[in-house]
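Handing you this structure, nothing more for now.
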Amino acid sequence: MGFSDDEKRAMQRRAEELRGTKGLKGAAKLARELEACLAVIDGLEGLDAEVATTLHRIVGDEAPHLNPKTMYGFPAYADGEGKVVMFVQPKSTFDTRYPTVNFDERANLDDGDLWPTSFAVVAVTDAVERTLRELVRRAVS
């Protein structure tokens, strides 16, 4: 069994991302990655756009030291080493019911022997925004 068409497209996007920053360093690389992240967010529609825009704003408020970039075509936020801490997986990418906000292993969300790292978002409400804000704070604490 091979990769799905959606997975192949995601891998192609990742290869394009890497080619797009090849040879760039420092501020030039960060600027190109920010530009790519904003372009992805701008290209989203509906709930996907709302979730990505909300997370982008929250990261800017709560974790401005994280650098926006893309990862497999998803809006993502990385630490100073370039390692992704969190990202949004739009529902349109894999034709799922809802977008998700995902936290990678670098996020400080550990809580005992089991804890969630992916959160489905079916509506961006004040309560959802407060929860995301708290998760981002914890993730970078």
Side-chain angles (χ1 to χ4, degrees), residues 1-112 114-141:
M1 191 165 153
F3 293 105
S4 71
D5 289 342
D6 289 335
E7 290 168 327
K8 289 176 186 175
R9 279 191 293 276
M11 288 185 282
Q12 289 170 340
R13 283 191 298 269
R14 182 64 182 142
E16 290 168 10
E17 291 164 1
L18 294 172
R19 280 192 298 274
T21 59
K22 186 175 182 176
L24 297 177
K25 293 183 187 320
K29 183 176 181 179
L30 293 175
R32 176 78 53 87
E33 289 174 337
L34 170 62
E35 182 180 292
C37 183
L38 293 175
V40 166
I41 293 170
D42 286 344
L44 296 173
E45 297 178 351
L47 184 58
D48 286 344
E50 198 174 352
V51 171
T53 300
T54 300
L55 185 66
H56 187 78
R57 181 173 31 79
I58 289 171
V59 170
D61 292 346
E62 304 295 338
H65 62 283
L66 293 182
N67 299 309
K69 63 185 292 177
T70 56
M71 181 184 74
Y72 295 95
F74 304 147
Y77 302 88
D79 62 16
E81 297 175 26
K83 304 294 184 182
V84 170
V85 177
M86 62 194 76
F87 63 95
V88 173
Q89 182 176 313
K91 69 180 188 158
S92 58
T93 302
F94 295 115
D95 194 28
T96 58
R97 285 183 19 211
Y98 41 74
T100 57
V101 175
N102 303 273
F103 294 86
D104 212 337
E105 65 183 54
R106 289 191 171 252
N108 296 320
L109 298 179
D110 301 32
D111 185 18
L114 176 71
W115 61 89
T117 60
S118 181
F119 298 84
V121 181
V122 296
V124 177
T125 64
D126 290 342
V128 167
E129 187 168 339
R130 281 191 301 275
T131 299
L132 288 175
R133 193 171 290 279
E134 179 56 31
L135 287 167
V136 169
R137 278 188 210 122
R138 284 184 45 210
V140 298
S141 64

Roughly how far apart are R138 CZ and D110 CG, rounded to 0.5 Å?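 The CZ atom of R138 sits 9.0 Å away from the CG atom of D110.
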Take a 6.0 Å sphere around CZ of F119 and say whether it holds more than 12 heavy atoms from other residues, nucleotides or ligands.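 Atom CZ in F119 is packed in, count exceeds 12.
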Nearest heavy-atom neighbours spanning C37 and Y77: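 Nearest heavy atoms, C37 then Y77: SG-OH, 4.0 Å.
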How would you list, by chain and number, every residue that makes a side-chain hydrogen bond (donor to acceptor under 3.5 Å, both in side chains) with T100, sequence neighbours excluded?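 T100: side-chain hydrogen bond (donor to acceptor under 3.5 Å, both in side chains) contacts with N102.
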Which pair of non-hydrogen atoms, one from L44 and one from A52, has the smallest distance, and what is that distance?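 Minimum heavy-atom separation between L44 and A52: CD1-CB, 3.7 Å.
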Among D48, T93, T53, L55, which one satisfies side chain to side chain contact (heavy atoms under 4.5 Å, CB included) with V88?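 Passing option: L55.
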Should L38 and L34 count as side-chain neighbours, where that means a heavy-atom distance under 4.5 Å?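 Result yes, sub-4.5 Å side-chain heavy-atom pair found.
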Hey, are the side chains of L135 and V101 touching, using non-hydrogen atoms and a 4.5 Å cut-off?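 No; the side chains remain at least 4.5 Å from each other.
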Side-chain donor/acceptor of T125 to backbone N/O of V128, under 3.5 Å: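 Flag set: sc T125 to bb V128 pair under 3.5 Å.
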With sequence neighbours left out, write down each residue that passes salt bridge (charged side-chain N to carboxylate O under 4.0 Å, His left out) with E45, or none if nothing qualifies.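 E45 satisfies salt bridge (charged side-chain N to carboxylate O under 4.0 Å, His left out) with no residue once adjacent residues are dropped.
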Quick one, V121 and E50 - any side-chain contact, counting heavy atoms below 4.5 Å?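 Counting from C-beta outward, V121 and E50 never come under 4.5 Å.
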Check P68 against L66 and note the closest heavy-atom contact, atom names and distance.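 Here P68 and L66 meet closest at CD-O, 3.6 Å.
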F74 and F87 aromatic ring geometry - parallel, tilted or perpendicular at 30°/60° bounds: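 F87 and F74: parallel rings.
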Donor-acceptor pair, side chain of D79 and main chain of R106, under 3.5 angstrom: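 Checked: no pair found.
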Where do D61 and P64 come nearest, in terms of heavy atoms and distance?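 Where D61 meets P64 most closely, the heavy atoms are O-CD, 4.1 Å.
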Taking every non-hydrogen atom, the tightest pair across A78 and K69: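 Heavy atoms of A78 and K69 come nearest at CB-CD, 3.5 Å.
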Interatomic spacing from CD in Q89 to CE in M71 - rounded to 0.5 Å: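 It is 8.5 Å, given to the nearest 0.5 Å.
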Under-4.0 Å salt bridge between E129 and R57: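 Looking at R57 together with E129, the answer is yes, because their closest N to O distance falls below 4.0 Å.
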Are V136 and M86 packed together at the side-chain level, in the sense that at least one heavy-atom pair is separated by less than 4.5 angstrom?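 They are in side-chain contact.
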Is the shortest side-chain heavy-atom distance between K91 and T96 below 4.5 Å?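 SC-SC contact between K91 and T96 confirmed.
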Side-chain contact test, heavy atoms from C-beta onward, threshold under 4.5 Å: evaluate it for P99 versus L47 and give yes or no.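 Heavy-atom side-chain distance check passes, below 4.5 Å.
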Which atoms form the tightest heavy-atom contact between V40 and G73, and what is the distance?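 Scanning both residues, the minimum pair turns out to be CG1-O, 3.3 Å.
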Regarding E134 and R130, does a basic nitrogen lie under 4.0 Å from an acidic carboxylate oxygen?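 The answer is no: the pair does not qualify as a salt bridge.
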